[in-house]
Each structure stands twice: as structure tokens, then as C-alpha cells.
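This is a predicted model, so every value here is computed, not measured. Numbering of ligands and ligand atoms starts at 1, following listing order.
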Amino acid sequence: LALKILLCDPDEEWLATASKFLSDQLYQVKSVYNGKDAQLALYNDSYFAVILNIDLTNHSGLQVLKFIKTNYTNQNVVMVVNKDQEDNRESLIKMGAKDLIAKPFELSELCQTLEGHQSLGDLVNNLPKKEGGSSAEEEVSGEDANFTKIPIGEFFSSKAVLFDIYVRLSSGRYIKILHAGDAFDRSRVEKYKNEKGVEYLHFHNKDRRKFVQFNNFLAKKLISNKALPSEQKVSVLKNTTEKYLEEVFTVGMKPQVIEQGKQVCENVYRLIEKDDSLFKLLKSYQEFDPSAYSHAFLVTMFSSCIIKQFEWQSKSTIETTALACMFHDIGKMSLPKELLEKKVDDMNAEELEEYKKHPELGLEMVEGNRMINNSVKQIILQHHESFDGTGFPFGKKGANILTLANIVSMADRFVHIMVEEEVAPIVALKKILTQKEEASRFNSMIVANFINVFVDPAKIDKDKSMPSNSRIVNNKAS
Ligand SMILES: [Fe+2]
Ligand SMILES: [Fe+2]
């Protein structure tokens with residue numbers, strides 16, 4: 001069964017084009033030109049989503065929105081607005097819109113917006129129907145840059161696969177082993193591994209968001225299962241976070257992408273709250289992948305674990321910091337690639353100056369984004385400040401640095417040592433503790449709680465006092 005969409009727009013020509021486009025994407029479309037017909041259509045049928053132009057007449061777009069809010073509370077509504085009305089996002093969302101899209105936009109953007117609101121059930125229902133079993137393998141060619149990979153053993157699926165899955169033969173050559181809608185057969189996939197030595201499954205970058213969505217859902221389920229080992233939970237969370245960050249770094253900070261990030265952070269919080277044996281895994285965690293995505297994931301994990309040790313920790317401090325950690329180095333996107341390939345120690349004075357701009361560049365990228373709160377923005381800006389004043393960009397000192405930013409800074413430094421020197425977490429931490437110029441960069445309370453990350457939580461006496469710099473978060477505009 002295809003998902004039904006109600007398109008409401010006064011422009012007949014646009015309606016015809018959009019209707020054709022969405023039908024090609026397997027949606028079932030009904031179009032109306034005015035508000036009265038929109039309400040009638042809603043009365044007669046139910047829709048997965050309503051695309052509602054604010055400029056509708058004969059019952060204005062806003063009147064229809066009000067009608068929907070009163071009568072169909074959970075209806076997905078994507079409001080089509082003009083550029084200058086984008087600022088009204090919050091009030092339109094309060095009035096019942098799920099999302100906004102500003103004119104002019106490409107129809108593919110509209111599709112992305114719709115997909116961003118699909119639940120897993122919707123996704124599965126929207127799959128093209130298969131006539132019995134799975135389809136035959138098919139060789140295709142495609143640019144490697146358009147594919148993303150995942151270790152076979154770490155790939156999970158719903159009963160029917162949500163998107164096409166490939167095995168890579170050689171550069172640019174792939175076999176499609178499963179088509180969207182095929183029944184997922186673990187043994188068939190394992191065969192590739194056991195008989196042909198295939199290590200990775202690949203999927204198209206355009207399906208990355210579906211991957212993240214499914215894995216977020218899966219992570220939520222796995223984390224609440226007490227019988228499962230921490231390794232498996234961390235591994236699902238790691239893959240979800242990394243693919244999520246790949247998506248952010250490719251498509252940018254779109255609202256529906258940020259929304260997914262918040263779900264990732266909720267899962268980070270759940271894992272840390274619920275898994276009491278996580279400390280054992282973290283002690284000896286050995287994953288030395290130098291990629292920026294893996295780096296961000298590890299910083300997220302360890303920062304969240306440090307915060308958990310403080311008495312003042314809460315769901316919102318952990319989720320806020322987790323989001324900041326995922327984006328902390330986003331400013332590096334604006335730096336030249338050659339610079340990023342260099343180690344900081346190998347940079348000359350000029351390059352170092354350039355590199356030190358990344359916290360401010362990061363802030364610039366998220367500054368206008370209302371879905372990202374000010375604490376997140378401040379952490380991004382301050383994640384290289386040091387307690388002793390030796391950091392950058394401002395050389396802030398002690399209590400002038402947000403505690404959460406100093407936590408992220410310590411986790412960042414720690415992950416850096418751990419991955420670069422390929423040492424166990426405990427060894428990396430010892431390195432920081434035994435070198436005065438390293439240790440003095442962090443609030444001693446944070447250092448003490450970092451040590452607690454590796455101690456059995458049953459044996460920790462929670463420190464009830466605030467760190468000496470007691471400004472935990474700062475929500476005032478800076
Ligand atoms: Fe950084
Ligand atoms: Fe970093």
C-alpha cells in the first residue's frame with residue numbers, strides 16, 4: 001500500500017508537476033486547489049501527510065491548518081511558505097505544522113522532508129511490492145563516492161530490507177544482492193562473508209537517512225534489553241552516529257537531519273543511564289579508526305560518561321552535550337582539505353592560526369539554527385579553551401569556561417591520544433594525568449570524574465558539590 005499524500009496548492013501547474021513527481025516516488029497523490037476541498041478530502045480519507053500552501057484561498061492555508069489541529073491532531077502537515085515567512089517557523093509549528101518548506105524548492109527537497117517524517121512502519125509500507133521472495137542479483141556500476149559501507153556483522157535489518165544492498169566487486173562495480181522490499185535473509189548475507197570473504201555491505205548514500213532512522217529505532221530497542229552485551233549496543237550506536245555525521249557533513253544542517261541527531265543523543269543517554277557494565281567495555285575499548293566521524297562518536301560517548309558521574313547530571317545536560325560533541329569540529333568543514341590532513345604538531349605558525357579558527361567557524365555554521373540551543377553553540381565555540389588559560393580562540397580561564405565545554409575539551413584530548421597512539425582508554429587517561437601541562441588544562445573535578453568512568457558505578461560515591469566553576473550551562477545569548 002502506497003502512502004497517501006494530500007497536495008493543497010492554488011497553482012494548478014505546480015500541482016500537476018508535483019503530483020506526477022510524487023507518484024513516481026510511489027506515493028499516492030490527491031490534489032486540491034482550495035481550502036474547502038482540502039478539508040473535504042481530509043474528512044473523506046486519511047493521509048500520511050498534507051502539503052499545505054499557506055496562500056491557499058477559499059479557506060486560507062492557516063484556516064485549514066487550524067481545522068486539522070482541531071480535528072486530526074496527529075496529522076503530518078508540511079506547510080509551504082514564502083521565504084519571508086520562514087521566520088514564523090515556531091509559531092506555525094505551534095499551530096500544528098510538522099515542518100515548513102520555503103518557496104522556491106526542488107521537488108526532491110519536498111520528498112526529503114516527507115521522508116524525514118516517515119516512521120519505520122511508514123517506510124516498510126511504502127516499499128515496492130515484491131512478487132514472492134527476493135529478486136535476483138544484479139551487477140551495476142556506480143561511483144564509489146556514492147556508496148557507504150558497513151561491516152557485514154554489524155548490519156541489521158527489518159524483516160524486509162528498506163533499501164537496496166550491494167556487495168562491492170572492485171572500484172565502481174557492485175552487485176545488488178538485495179532490493180528494497182526483499183525479505184532480509186541473514187544466512188544469505190553471511191554466505192558472502194564465509195564463502196567469498198566479503199567484509200562489507202554497501203548502500204547508496206541517498207539511503208543513508210533511512211539507515212540512520214532504522215538504526216536509531218533498533219538502538220532504542222537493543223539498549224533496553226538487559227541481556228545483550230554492551231559491545232553490541234555500543235556498536236549499533238557507533239554505526240548510527242557515524243552514518244548520521246556523514247549525512248550531516250554531506251547535506252548540511254537541515255531541520256529533519258538535526259531532528260535525527262537528537263534521537264541519536266537520546267540513545268546515547270539511554271545507553272549511559274541503563275547499562276551498568278559499560279565501564280568494563282570502556283576500560284579496554286579498542287577502536288582506533290582515525291576518521292572524523294569515529295572521533296566525534298568517541299568524544300560524544302566519553303563526554304556523556306563523564307557528565308553521568310556528576311550529581312547535577314540530567315537527561316538534558318547529557319543530550320545537550322552529546323549534540324555539541326557530534327558537531328564540535330563541524331567548523332573544520334570550512335577549512336582547506338590539505339590543512340586537515342596535517343597533524344597539528346606538523347603545522348607551521350600560519351597553518352596553526354588557520355586551524356585555530358575552527359571553533360568560531362563552527363559557531364558561525366550553527367549560529368542561526370534555532371533547532372540548536374545556545375548551550376550547544378557555546379560548547380562548540382569553547383571546546384578548545386583550557387582551564388589554565390592556554391587554550392583558544394579566546395584564552396579563557398577557569399570559571400570563565402563552561403564546565404560542559406571543559407568536559408568536551410578533556411574527552412577530545414583523551415580520544416586524540418587514544419586513537420593516535422593506539423592505546424587503551426586507561427592508558428590514554430594516565431598520560432593526561434601524569435603530565436602537568438596536560439592535566440592543568442582541565443578542572444580537577446572533571447578529571448576526578450573522568451577516572452570514575454572506569455570504576456564500577458556501584459562503588460562510586462557521587463560528588464554532590466558543584467565544580468569550582470559552577471556555571472554548568474549558559475543559556476543567555478552571548
Ligand atoms: Fe576541535
Ligand atoms: Fe575534536
Subject >> Within 6.0 Å of CD in E341, more than 12 heavy atoms from elsewhere >> reply: yes

Subject >> Cation-pi check, R173 onto Y166 ring (under 6.0 Å, within 45° of axis) >> reply: no

Original post:
Is the shortest distance from a Lys or Arg side-chain nitrogen in K243 or E246 to a carboxylate oxygen in the other one below 4.0 Å?
Top reply: yes

Original post:
Do K238 and E242 sit within salt-bridge range, that is, some charged N less than 4.0 Å from a carboxylate O?
Top reply: yes

**OP:** Look at H328 and state whether any of its N, O or S atoms is less than 2.8 Å from the Fe ion (ligand 1).
**Re:** no

**OP:** Please work out the angle at the Fe ion (ligand 2) defined by atom OD2 of D329 on one side and atom NE2 of H295 on the other, rounded to 10°.
**Re:** 100°

**OP:** State the atom name: nearest N, O or S atom of H384 to the Fe ion (ligand 1).
**Re:** NE2

**OP:** Please name the atom of D412, restricted to N, O or S, that is closest to the Fe ion (ligand 2).
**Re:** OD1

